[in-house]
> 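Attaching a single structure in structure tokens format; questions to follow.
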Amino acid sequence: AHDPLTVFSFFLPHYVPGSGPIHSASLVAPEAQLLAMSPVVSALNGLFSLTKYGLLSCMHGFGVKPKDGCSRLKEGDFSRSSGKVSYEPARNSDTAAIIEELSTLLTAGRLSDTNKEEIIAQYKAREKEEGKEAALRLALQLMIATPEYRTSGVTRKAEDEARPQAASQPTCKAYKAVVFLMLQGGADSYNMLVPHSGCKDKDMYEEYKQA
């Protein structure tokens, strides 16, 4: 789920997010490719799989494929996994206390009241239908899907509907580029820079020139 775009972790140097302040300012943000839709959804799928089935590759999970395969795998069955979420609430904890503790563990206590109330309601409904273990798994999945879990700052719900951003216009301002050269290997194309002079016993520049 978190694989980089290439084996060298390079990103497109001119990548611009589709909307937002970076797009409006005609700036680039290569590292923002990690927050593109595909990696975000893949990470969410992997975390959901971890919560429901444990650490394995089934249902887009993070682990390895179990020797018994993934067929007829049921939620809450961790017998084929190599690990699972081990959190258990304290005995006799009520629903509000459980969600509050999860908020502290997973969002540093930043879970909004609106999201907290929704998760509590869904927890109670699932607990009534399938029991506490199923309710806890659902609460973990809902918590993982919140903005508070995905960010490190304070989030707030926008009152206005999102509006499409107008296309940014290119600027003619001068800019400086930082060029990073990896001189200790890691390039499949053999030598990217050819020595021009100063080589003993072998003229690499002349060999490349002839080739």
Side-chain angles (χ1 to χ4, degrees), residues 1-12 15 17 30-112 115-152 155 185-188:
H2 296 285
D3 287 346
L5 301 183
T6 75
V7 294
F8 306 117
S9 191
F10 291 161
F11 306 108
L12 297 177
Y15 179 80
E31 67 281 0
Q33 286 181 276
L34 288 174
L35 297 178
M37 184 59 68
S38 179
V40 169
V41 172
S42 295
L44 194 59
N45 287 337
L47 291 170
F48 278 12
S49 175
L50 176 65
T51 302
K52 295 192 287 187
Y53 312 109
L55 186 60
L56 37 66
S57 65
C58 306
M59 309 300 176
H60 308 285
F62 297 132
V64 297
K65 186 175 182 178
K67 58 182 179 181
D68 295 332
C70 298
S71 61
R72 299 183 180 180
L73 189 65
K74 296 182 179 180
E75 181 177 337
D77 178 11
F78 304 110
S79 60
R80 306 185 203 180
S81 68
S82 56
K84 66 176 184 177
V85 178
S86 59
Y87 167 78
E88 292 183 5
R91 286 187 178 184
N92 302 323
S93 296
D94 60 12
T95 303
I98 293 172
I99 303 307
E100 188 66 39
E101 186 175 20
L102 287 176
S103 171
T104 302
L105 293 172
L106 299 178
T107 71
R110 293 178 293 105
L111 190 65
S112 68
N115 289 335
K116 195 176 298 183
E117 292 172 1
E118 181 64 30
I119 295 175
I120 288 175
Q122 295 300 324
Y123 182 101
K124 290 180 177 179
R126 182 62 61 88
E127 182 182 19
K128 186 176 181 181
E129 296 175 359
E130 303 180 28
K132 289 187 176 182
E133 292 185 0
L136 182 59
R137 290 195 299 271
L138 176 62
L140 286 169
Q141 293 172 69
L142 293 175
M143 193 77 68
I144 289 167
T146 61
E148 292 89 343
Y149 176 80
R150 292 295 190 140
T151 57
S152 58
T155 61
D188 294 335

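Worth saying up front: this structure is predicted, and the values here are computed from it rather than measured. The first residue in the sequence is number 1, and the count goes up from there.
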> How far does NZ of Lys124 sit from CD of Glu127, to the nearest 0.5 angstrom?
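If we round to the nearest 0.5 Å, Lys124:NZ and Glu127:CD are 9.0 Å apart.
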
> With rounding to the nearest 0.5 angstrom, report the CG to CD distance, Leu138 to Glu133.
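Interatomic distance, Leu138 CG to Glu133 CD, rounded to 0.5 Å: 14.0 Å.
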
> Consider only side-chain N and O atoms of Ser42 and Asn45, and report whether a donor and an acceptor are under 3.5 Å apart.
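No - no donor-acceptor pair under 3.5 Å links their side chains.
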
> Hey, does the side chain of Arg80 reach the backbone of Lys67 with a donor-acceptor pair shorter than 3.5 angstrom?
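No; zero donor-acceptor contacts below 3.5 Å.
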
> Do you know which two heavy atoms are closest between Arg137 and Phe78, and how far apart they sit?
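Answer, listing the atom of Arg137 first, then Phe78: CD-CZ, 4.4 Å.
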
> Quick check: do Leu47 and Tyr149 have side-chain heavy atoms less than 4.5 Å from each other?
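Counting from C-beta outward, Leu47 and Tyr149 do come under 4.5 Å.
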
> Within a 6.0 Å radius of atom CD on Glu88, are there more than 12 heavy atoms belonging to other residues, nucleotides or ligands?
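Check fails, neighbour count at 12 or below.
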
> Quick one: does any side-chain atom of Arg110 pair with a main-chain N or O of Thr107 as donor and acceptor, under 3.5 Å?
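Confirmed, Arg110 side chain pairs with Thr107 backbone.
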
> Any chance you could lay out the side chain to side chain contact (heavy atoms under 4.5 Å, CB included) test for Lys84 and Leu55, step after step, and finish with the verdict?
CA-CA 6 Å; Lys84 66 176 184 177; Leu55 186 60; over 6 Å; no

> Yes or no on side chain to side chain contact (heavy atoms under 4.5 Å, CB included) for Ile99 and Met143, after CA distance, side-chain angles and deciding distance?
CA-CA 9 Å; Ile99 303 307; Met143 193 77 68; 4.2 Å; yes

> So, Glu130 side chain and Ala135 main chain: donor-acceptor pair closer than 3.5 Å or not?
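No: the side chain of Glu130 does not pair with the backbone of Ala135.
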
> Are Leu44 and Arg150 side-chain neighbours, meaning at least one heavy-atom pair lies under 4.5 Å?
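When only atoms from C-beta onward are counted, Arg150 and Leu44 do touch, with a gap below 4.5 Å.
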
> Are the side chains of Leu140 and Leu106 in touch, meaning some heavy atoms are under 4.5 Å apart?
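Of all side-chain heavy-atom pairs linking Leu106 with Leu140, at least one is under 4.5 Å.
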
> Tell me the closest heavy-atom pair linking Ile98 and Pro89, and the distance in Å.
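Residues Ile98 and Pro89, closest heavy atoms: CG1-CB, 3.7 Å.
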
> Might you point out which heavy atoms bring Thr51 and Val85 nearest each other, and give the distance in Å?
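Where Thr51 meets Val85 most closely, the heavy atoms are CA-CG2, 4.4 Å.
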
> Report the distance from atom OG1 of Thr146 to atom NZ of Lys116, rounding to the nearest 0.5 Å.
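Result: 11.0 Å between the selected atoms.
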
> If you look at every heavy atom in Ala90 and Ser93, which pair is closest and at what distance?
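The answer is O-OG, 2.8 Å.
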
> So which heavy atom on Ser81 is nearest to which on Tyr53, and how close?
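Smallest interatomic distance, heavy atoms only, reads CB-O, 3.5 Å.
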
> Do the side chain of Thr95 and the main chain of Ile120 share a donor and acceptor less than 3.5 angstrom apart?
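Flag not set: sc Thr95 to bb Ile120 has no pair under 3.5 Å.
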
> For the pair Tyr87 and Leu105, evaluate side chain to side chain contact (heavy atoms under 4.5 Å, CB included) and give the outcome as yes or no after the intermediate values.
CA-CA 10 Å; Tyr87 167 78; Leu105 293 172; 3.8 Å; yes

> Between Ser57 and Lys65 (side chain of the first, backbone of the second, donor and acceptor by atom type, cut-off under 3.5 Å), is there such a pair?
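Yes; at least one donor-acceptor contact below 3.5 Å.
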
> With a 4.5 Å cut-off on side-chain heavy atoms, are Pro66 and Cys58 touching?
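A side-chain contact exists here, since the closest heavy-atom pair is under 4.5 Å.
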
> Answer yes or no: is there a side-chain heavy-atom contact under 4.5 Å between Leu102 and Leu136?
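Answer yes - side chains close enough.
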
> Once rounded to the nearest 0.5 Å, what's the spacing between atom CZ of Arg72 and atom CG of Asp77?
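One gets 13.0 Å once the value is rounded to the nearest 0.5 Å.
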
> For a side chain to side chain contact (heavy atoms under 4.5 Å, CB included) check, start with the C-alpha distance between Phe48 and Met59, then their side-chain angles and the critical distance, and finish with the verdict.
CA-CA 9 Å; Phe48 278 12; Met59 309 300 176; over 6 Å; no

